[in-house]
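Numbers restart at 1 for each chain; the letters A, B, ... are given by sequence-line order, proteins then strands. From a predicted model like this one, the values you see are computed outputs, not experimental measurements.
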2 protein chains.
Amino acid sequence: MTTPSVDERRTNTREQIRAIALELFAEQGYEKTSLREIAERLGVTKAAVYYHYRTKEEILASLLDEHVAGMDAIIEWAEAQPAGLATRRELLRRYSELLAGPSGSEDVPHLIRFLQESQTSIKELNSGAEMRKRFERVAALLVDRDAPLADQLRSRLSLAALHFGAFAFDQLPGTRRERIDAALEVSLELCCRGE
Amino acid sequence: MTTPSVDERRTNTREQIRAIALELFAEQGYEKTSLREIAERLGVTKAAVYYHYRTKEEILASLLDEHVAGMDAIIEWAEAQPAGLATRRELLRRYSELLAGPSGSEDVPHLIRFLQESQTSIKELNSGAEMRKRFERVAALLVDRDAPLADQLRSRLSLAALHFGAFAFDQLPGTRRERIDAALEVSLELCCRGE
DNA sequence: GTCTATACTGCGATAGAC
DNA sequence: GTCTATCGCAGTATAGAC
């Protein structure tokens, strides 16, 4: 065992900044979280954080990009399938799994809550625009382009149901697993009633 | 016709600040909107705005309080009715009307969009906590306390449907009236399937 | 490569002149 | 009722220690 290599330390500090930032962003919002606060928790100065990420936005963007990659994998799969009810059901199931995240960690639910509650901060970021594009592509896969307005709304709401189930710890009872399963049930009935 | 009384001018300036603030908050978020920006649009300085509202939060709170009063009227009516399907349907219809706002004005939709997208900023305000209480009371009126988790979720989503219909100009086609009517349709089927 | 010291601009907020 | 002046802290940025 020698001292950690430069690469290990670098990755470590960057990861730690990401983890602390996600926690604080989810708790008190993006704008109200200061770089000084993140730096203090890590035991370094503001400028040290600034070395690893060139702006505060870049920290947020790196968090969003991870979720965008997860959505891309699902979208790529769905667009290769024949359009139809079975594909839509499986698309919702896979997106539900993505939102559940690794079973021990609250990271993904925290991110989803943050996405939902801080859209104004996120909207103007490049990474935020990328996220919205993915969201629109998933919604488009769930409903015919020329379906009635009410069906368009149902497809968006079926995604909102999954998001809400993932992060609504304090508004709904049950474990996260129970909420996510109930959300998938409601989501499926919103989007996949026999057509 | 004499010169305007002090009270009239005061009310006027206060109203103008509210209108400008709501527009900017909805467009670019609460945190990113500076008092200097609001003051400049009004042709005065930052400190002049501070004469009318003691803090930036107080401007936001005065916008929220107006909507809270509208919710209170609906809640008071619903709690005086016998619990049942008919009351729930009419509750959703009345809340839908509140969200539509006066037919010529976009003020209420702007406020609803802002509420939905800036929850993190609002959550820590007193007025924000009051809003959340009202929202929970409406949700409680829409579902039995000991109903299954999926039904709890449906009641929240039926409100989310109305909110989404009111402000989703850029994500859904149709006029505001069409979107609000479609949202009410989806909302009713989420919450009021024969029980 | 990683961090500290330091400084710049603009923010919300306050005090006091007119 | 509105202004100028000022405060402390935010995000950003650079120079240089180790």
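A 6.0 Å sphere centred on CD of A/Glu66 holds no more than 12 heavy atoms belonging to other residues, nucleotides or ligands. Within a 6.0 Å radius of CZ in A/Arg89, other residues, nucleotides and ligands contribute 12 heavy atoms or fewer. For CG of B/Asn126, the number of neighbouring non-hydrogen atoms (other residues, nucleotides, ligands) closer than 6.0 Å is 12 at most.
Taking the side chain as every heavy atom from C-beta outward, B/Leu149 and B/Leu153 never approach each other to under 4.5 Å.
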For a quick test of your reading: what N or O donor-acceptor pairs under 3.5 Å do the side chains of residues 159-176 of chain B make, sequence neighbours left out?
| from | atom 1 | to | atom 2 | distance (Å) |
| --- | --- | --- | --- | --- |
| B/His163 | ND1 | B/Gln116 | OE1 | 3.0 |
| B/His163 | NE2 | B/Tyr95 | OH | 2.6 |
| B/Asp170 | OD2 | B/Arg113 | NH2 | 3.2 |
| B/Thr175 | OG1 | B/Glu178 | N | 3.1 |
| B/Arg176 | NH1 | B/Ala100 | O | 2.4 |
| B/Arg176 | NH2 | B/Ser105 | O | 2.9 |

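Regarding A/Ile38, its CD1 atom lies at a distance of 14 Å from the C1' atom of D/dT12, rounded to whole Å. Atom CG in B/Leu42 sits about 14 Å away from atom P in D/dG1, given to the nearest Å. B/Tyr53 has its OH atom 17 Å from the C1' atom of D/dT2, to the nearest Å.
Here B/Tyr51 does not reach the OP1 or OP2 of D/dT2: none of its side-chain N or O atoms lies under 4.0 Å away. Contact check, B/His52 against D/dT2: a side-chain N or O comes under 4.0 Å of OP1 or OP2. Within the 4.0 Å cut-off from OP1 or OP2 of C/dC3, not a single side-chain nitrogen or oxygen of A/Thr45 is found.
Electrostatic pairing of B/Arg94 and B/Glu90 counts as a salt bridge here, judged by a charged N lying under 4.0 Å from a carboxylate O. Ion pairing of A/Glu189 with A/Arg154 is absent here, as no side-chain N (NZ or NE/NH1/NH2) approaches a carboxylate O to less than 4.0 Å.
Across its full length, the helix from C/dG1-D/dC18 to C/dC18-D/dG1 shows an angle of 10° between the axes of its 5 terminal pairs at either end, rounded to 10 degrees.
Under 3.5 Å, the side chains of A/Glu37 and A/Gln28 contain a donor-acceptor pair of N or O atoms.
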If a protein heavy atom is under 4.0 Å from the base, mark B; if only from the sugar-phosphate, S; if neither, -; do that for nucleotides 8-15 of chain C going 5' to 3'. ---SBBB-
